[in-house]
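Below: one structure, written as structure tokens.
Letters A, B, ... are given to chains in the order of the sequence lines, protein chains preceding strands, and every chain is numbered from 1.
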There are 2 protein chains.
Amino acid sequence: MASSRRPGTAPPSRPEPSADGSPSRGGTPSGARPTSRDVARHAEVSQATVSLVMGGKWQGRVSPRTAETVRSAAQALGYRPNLAARSLRLGRTRTALLVVPALTHDYFARVHTGASRVAAEHDFGVVLYPSPEGTGPAVDPFGSARAALDGVIASSMAPEALAALRDGGQLPLVMLDSDPGAGHSPATVNLDIADGMRQAAAHLLELGHRRIAHLAAEIDTWTFGVRARALHEALAGTSGTVVRTERSPLSVEDALHAATRILEAAPRPTALVCDDDLLAAGACKAARRLGLRVPEDLSVTGIDDLSLATALEPELTTVRLPAEEVGAEGMRALLAVLDGRTASTPVLPVELIRRGSTARPPREERP
Amino acid sequence: MASSRRPGTAPPSRPEPSADGSPSRGGTPSGARPTSRDVARHAEVSQATVSLVMGGKWQGRVSPRTAETVRSAAQALGYRPNLAARSLRLGRTRTALLVVPALTHDYFARVHTGASRVAAEHDFGVVLYPSPEGTGPAVDPFGSARAALDGVIASSMAPEALAALRDGGQLPLVMLDSDPGAGHSPATVNLDIADGMRQAAAHLLELGHRRIAHLAAEIDTWTFGVRARALHEALAGTSGTVVRTERSPLSVEDALHAATRILEAAPRPTALVCDDDLLAAGACKAARRLGLRVPEDLSVTGIDDLSLATALEPELTTVRLPAEEVGAEGMRALLAVLDGRTASTPVLPVELIRRGSTARPPREERP
DNA sequence: CGCGGCTAGTTATACGTACAACGTTCCCGA
DNA sequence: TCGGGAACGTTGTACGTATAACTAGCCGCG
């Protein structure tokens, strides 16, 4: 430890947080973060032993007494392993990238929450890739962060963006809400959106609706494609029909216009199935502007069960999506892949929440 | 390069992504990520030169011709610096922690978006700390991730959680929406919420309202404390008064109950100033259930301008908060502190958006 | 001719960790 | 008495990078 400083050995000058609230740990140097070597010195063992103990794999290699000594020394010094060094050594970073179209959509915020929760349980970190425009798909998730990732979880990616993802890195990839048959990824996590559409359709049929319109999202992802197909299939063979379909960007304002087009055309539907609660909100506004009451003159259903759904009046009948669970399962799947285990690829159930925006059709329309 | 493998020199076995879509770069080994040494070999220079060139500080140290050679070699190999190694060497990670109460509140999602945008411009990463409960303040942002952070940006922290933050790490800290006078942090970014309240009050006074109630958020953070004080100050010396204040958790359902208490008490206010759009939504529901029309019988204002604000009917008059700008300025401030520059501590302007939920009070109430 | 000063590099580390391979005791049975 | 293990550690790297300190030409000037 004497100053045997050879040429080219000057350490990079750390800014040293300057005298302030530094807790002045019992550590060796002064204000610097303690390293495993400091702990070793403190516990009078070698650095390797500290590493073994802290790594938890000391069974039969270190005596319980020594292990305890090391642990308390680490505790006393406030030691925390340096993640950069660990990553460098292991070649893994314990960090996952979560790619979502827009965090400002509550669904994705919830997906993130779920993924983060599971990640935290496994000492994993989550980095978000925010889409440039806030609505479009992600474009280049691989900035300089790329080398620091162990895997990618991507939600609702458009095909072209997906291709870029595959091209860019050979990182393990888990897809959420994406075509499980496309073979892009070893693992997928999906919602049983088709069943949600079936539930919505069944609910409306049961109430007596026959002329049903579809307000679809103008987004070219698999999960939205499923919605349209499922609705048609659910009505096939029943007395109900999809009388009209309009597509709209995912905003209340745009949905208002699209819904207006639907409601002004003949024959006017008695129920409107919307791909998203935001669209349903727009539809409700459109109806009111045309002098139609919801649900007396028009029933409306959404998908998501955003907080918006209960803020509206009437409250929205909607298909609740277990967003957090999607994120959590996605992270579990990624962890499984990283572990070399085979990931389950669940399809999570959804549930129709019946509220005030659906009712029997107007009397003159009843069959 | 010959196999001069000394004892204890076995490299950690990397899983090797297995023959698949690996682009088979022109690199030296095979499937492993190319390092600066690979680039050096390719360009027939030393590793140090590669580092200099890639680091951008080669002015006067490397000839332009050599620099170009290095750059194209790096390009050809698809070289990307290993962030773990860089972090280890530099002692910095280029990663910031963003602590927010709940991402599912759109305001914080937008803060995150802004912070991420600025971070990306500076090759910085953002890690989110999700609150355990989704609504309460963050508790222990320092898991094993702690060592991998350069700084912290914290929004709307309750005092006790703030203390934990200060205790835990001596990391640079930027506070958002927090008391700039508390001296907890070298830098703060704030909204001129007080002015927002003044604008709302002035708007209501101008419309003729005199009996105004306050539906406050039941959250003990500085920014919500300011709202109450500012409203009272804005009405002081005018003909208007705050006839009643109720506090409510930040949810539509809770706000409905709190607003009901306000509206059932005498004297009934003609206008209701709410601390958040969510509360305003609850207030509108409450009014309608009591048979009051908005805005004819009751004017309502919110704060935030969530997408919810225009989904409701009538659309909400609300104080628009530049959330993204808050996040962006917060990240700029943190970067400044990390650079040793003094951070500006801006107070961002807010703007009242007049929409359908406010109007003149009922005729019999007019002064 | 010699030497300072520049240019254009190279060499030699160290950052903090994890782990393979190598001691060192100590005990036990033959 | 001695060989053979366990049991318990330690030594010695290497991961990939950034940078201080050194070096080899080369020019020009005294």
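The nearest whole Å value for the distance from the CZ atom in Arg41(B) to the P atom in dT10(C) is 14 Å. Across the protein-nucleic acid pair, Met54(B) atom CE and dT19(D) atom C1' stand 17 Å apart, rounded to whole Å. Arg89(B) places its CZ atom 7 Å from the C1' atom of dT17(D), with the value rounded to the nearest Å. Atom pair Arg92(B):CZ and dG16(D):P shows a separation of 22 Å (rounding to whole Å applied). Trp58(B) has its CH2 atom 13 Å from the C1' atom of dT7(C), to the nearest Å. Leu88(B) places its CG atom 8 Å from the C1' atom of dT17(D), with the value rounded to the nearest Å. Atom CZ in Arg94(A) sits about 15 Å away from atom C1' in dT17(C), given to the nearest Å. Look at CG on Leu90(B): it is 12 Å from C1' on dA14(C), rounded to the nearest Å.
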Where do N or O atoms of nucleotides 23-25 of chain D meet protein N or O atoms at under 3.5 Å, pair by pair?
none

Return the polar atom pairs (N/O with N/O) between nucleotides 23-26 of chain C and the protein under 3.5 Å, or none.
none

What's touching nucleotides 8-11 of chain D from the protein side, N or O pairs under 3.5 Å?
from: dG9(D); atom 1: OP1; to: Thr66(A); atom 2: OG1; distance (Å): 2.9
from: dG9(D); atom 1: OP2; to: Ser63(A); atom 2: N; distance (Å): 2.6
from: dG9(D); atom 1: OP2; to: Ser63(A); atom 2: OG; distance (Å): 2.7
from: dG9(D); atom 1: OP2; to: Thr66(A); atom 2: OG1; distance (Å): 2.9
from: dG9(D); atom 1: O6; to: Arg61(A); atom 2: NH1; distance (Å): 3.2
from: dT10(D); atom 1: OP2; to: Ser46(A); atom 2: N; distance (Å): 2.9
from: dT10(D); atom 1: OP2; to: Ser46(A); atom 2: OG; distance (Å): 2.9
from: dT10(D); atom 1: OP2; to: Thr49(A); atom 2: OG1; distance (Å): 2.5

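Annotation for Ser155(B) and Pro101(B): closest pair O-CD, 3.8 Å, computed over non-hydrogen atoms.
An OP1 or OP2 oxygen of dG16(D) is reached within less than 4.0 angstrom by no side-chain nitrogen or oxygen of Ser36(B). Not one side-chain nitrogen or oxygen of Lys57(B) sits closer than 4.0 Å to the OP1 or OP2 atom of dA18(D).
The CG atom of Leu334(B) lies 11.0 Å from the NE2 atom of His122(B); values are rounded to the nearest 0.5 Å.
When the side chain to side chain donor-acceptor pair (under 3.5 Å) test is applied to Glu68(B), the partners found at least two apart in sequence or on another chain are Arg71(B). Considering only residues two or more places apart in sequence or on other chains, Arg65(B) meets the side chain to side chain donor-acceptor pair (under 3.5 Å) condition with none of them.
Side-chain atoms of Ser116(A) and Thr113(A) form no donor-acceptor pair, as typed in the model, at a separation below 3.5 Å.
As judged by a 4.0 angstrom heavy-atom cut-off over every strand, Thr35(B) is placed among residues touching the sugar-phosphate backbone only.
Residues Met54(A) and Tyr79(A) form a side-chain contact, since some pair of their non-hydrogen atoms from C-beta on lies under 4.5 Å apart.
Asp150(A) contributes a side-chain N or O that, together with a main-chain N or O of Arg94(A), makes up a donor-acceptor pair within less than 3.5 Å. With hydrogens and angles ignored, the 3.5 Å screen pairs a side-chain donor or acceptor of Thr35(A) with a backbone N or O of Arg37(A). In this structure a side-chain-to-backbone donor-acceptor pair under 3.5 Å is present from Ser178(B) to Leu176(B). Side-chain N or O atoms of Thr345(B) include none that pairs as donor or acceptor with a backbone N or O of Val189(B) at under 3.5 Å.
Residue-environment remark: CD (Glu121(A)) exceeds the threshold of 12 foreign heavy atoms within 6.0 Å.
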For residues 56-63 of chain A, please give each side-chain donor-acceptor pair under 3.5 Å, one per line with the distance, not counting sequence neighbours.
from: Ser63(A); atom 1: OG; to: Thr66(A); atom 2: N; distance (Å): 3.2
from: Ser63(A); atom 1: OG; to: Thr66(A); atom 2: OG1; distance (Å): 2.8

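Among dA18(C), dA18(D), dG16(D), the nucleotide with an atom closest to any side-chain atom of Arg86(A) is dA18(C).
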